[in-house]
Each structure stands twice: as structure tokens, then as C-alpha cells.
Amino acid sequence: MAKGIEDCIWGEQQLGILISGRGSNMQALVNAADNGDIPSVAVVISNIPNAAGLVWAKANGVPTEVISPADYPDRTAHDEAMAAKLKGYYVTTVCLAGYMRIVGTPLLAAYPNRILNIHPSLLPKFGGPGMVGQRVHQAVLDAGETESGCTVHVVTDEVDGGPIVARQSVPVDTQDDMDSLAQRVLQVEHACYPQAVRLFCSK
Ligand code: GRF
């Protein structure tokens, strides 16, 4: 009998990574997969045709796909296309890595509790709708926080609100600006995301 996603054991799992831009977290995941630390990466999919991360993925032998919202009548159809493509590559766990779209019902239903995201703050602080990119780091600085960091969480229909898999903190320096803080957080993201995926996939 065919196995469901929940029945997959280590070695049979495959990752799909969704990106929209630079893809440095994608690189960290692909490198970890190449080292055998986490399941292999079956495909990298971008919603942005010229996302920089696609160039790196191709150069490193990872299959890539572009699924542009411009080619679909609405958000639901785009999400359905994403889900179908991921299933076509036999992806069992989806990793959002700088994917700048809200994941809608069709994709959530195709991968229930099997989609992870990395967010550049210590959730539940500084998350939620609109809390993306440099805005997160500016909010941390404005609030006078002495630490920040990153969080890997399961994606649900509540933006940045799903169960937390792992967090890693960094200090906030009094000299920090948005860019220096973003850089320090990004460094720990690259370690935290593969560790969280390993933990999540080895249950
Ligand atoms: C990261 O800061 C991540 O936490 C957030 O988007 C950024 C993506 O960066 N979700 P990259 O594309 O992985 O370099």
C-alpha cells in the first residue's frame, strides 16, 4: 500500500524549497542535504522568475522551477499549481526560505503540518502580517530589545503563528542599525534552519 507523507521514514523524505530572492537559507539547506545532514532537496521553486537564488541552485545541480503568479488567474490557482509541482517531485516537507507570499489553503491542505518557515526574530515577538525583511529588525531596534534571533516554525493559517521547531538568539548591540542586526541574525539562520529541519524530519 502506498505510504502517506506521515508514514515516510528517514531516507525516503525529500525537501522542496520555496524562494523569492537571494536564497542564502536555501543554500544552507542544500549544503546540509549534500552533507547528508537532512533529506535531499528535490526541487527549488520560485514565484519570481529572476530570483537570484535560482542561479545558485542551477549551478549546484538542484532542479529549479518558476511558478509565477502572473500566469494564474488568482491566488488559489497559483497555490494549487505550487502544490501540484511539489507533489510531482515527491516532496514530503516544504521549506520556505525567503518566500514572500502568504501560503494559502490549497498548499496548506496539500502539506498539512509539513511546511516550515524561517523568520528573522524570536517569535512570537515581531511576527505577523507585514513583519518582513528590514521592518522586523527596525522594530526590534525601536523596541530597545537586547536580544533578537531567528525562529523556525511550522506554517499554519496564522501568519508566523505556527508551532515553533527551533529558535536561536543573538545579542543586539547598542551600535546596531538594521543592516548590522540583519547580518548577525542571518548568520544564525544558516545554522538554525538545517538543524531544525533535521529535528523535524527525524521524528
Ligand atoms: C531571511 O531573513 C528569512 O528569515 C526571511 O527572509 C530572509 C530570506 O533571506 N524569511 P535569504 O533569501 O534566505 O537570503
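We count ligands from 1, going down the list as the structure has it; atoms in each ligand are counted the same way. The analysis underlying the following values was restricted to heavy atoms, covering all of them including side chains, and did not include hydrogens, waters or symmetry mates.
- When all heavy atoms of Pro69 and Arg101 are compared, the pair lying nearest together is CG-NH1, 3.3 Å.
- Val197 and Leu123 are members of different hydrophobic clusters when ILVMFWY side chains are connected at heavy-atom separations under 4.5 Å.
- Asp37 and Gln195 share no side-chain donor-acceptor pair at under 3.5 Å.
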Pairwise, report which nitrogen or oxygen atoms of ligand 1 are under 3.5 angstrom from protein nitrogen or oxygen atoms, and how far apart they are.
residue: ligand 1; atom: 2 (O); partner: Glu189; partner atom: OE1; Å: 3.3
residue: ligand 1; atom: 2 (O); partner: Glu189; partner atom: OE2; Å: 3.0
residue: ligand 1; atom: 4 (O); partner: Ile118; partner atom: O; Å: 3.4
residue: ligand 1; atom: 4 (O); partner: Glu189; partner atom: OE1; Å: 2.7
residue: ligand 1; atom: 4 (O); partner: Glu189; partner atom: OE2; Å: 3.3
residue: ligand 1; atom: 9 (O); partner: Arg22; partner atom: NH2; Å: 3.1
residue: ligand 1; atom: 10 (N); partner: Ile118; partner atom: O; Å: 2.9
residue: ligand 1; atom: 12 (O); partner: Gly23; partner atom: N; Å: 2.8
residue: ligand 1; atom: 13 (O); partner: Ser24; partner atom: N; Å: 3.3
residue: ligand 1; atom: 13 (O); partner: Asn25; partner atom: N; Å: 2.9
residue: ligand 1; atom: 13 (O); partner: Asn25; partner atom: ND2; Å: 2.9
residue: ligand 1; atom: 14 (O); partner: Arg22; partner atom: NE; Å: 2.5
residue: ligand 1; atom: 14 (O); partner: Arg22; partner atom: NH2; Å: 3.1
residue: ligand 1; atom: 14 (O); partner: Ser24; partner atom: N; Å: 2.9
residue: ligand 1; atom: 14 (O); partner: Ser24; partner atom: OG; Å: 2.5

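- Side chains of Arg114 and Thr93: a donor on one and an acceptor on the other come within 3.5 Å.
- Residues Ser24 and His190 have side chains that bring a donor and an acceptor to within less than 3.5 angstrom of each other.
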What pairs of donor and acceptor atoms, side-chain ones from residues 124-132 against any protein atom, are under 3.5 angstrom apart with sequence neighbours left out?
residue: Lys125; atom: NZ; partner: Glu145; partner atom: OE1; Å: 3.0

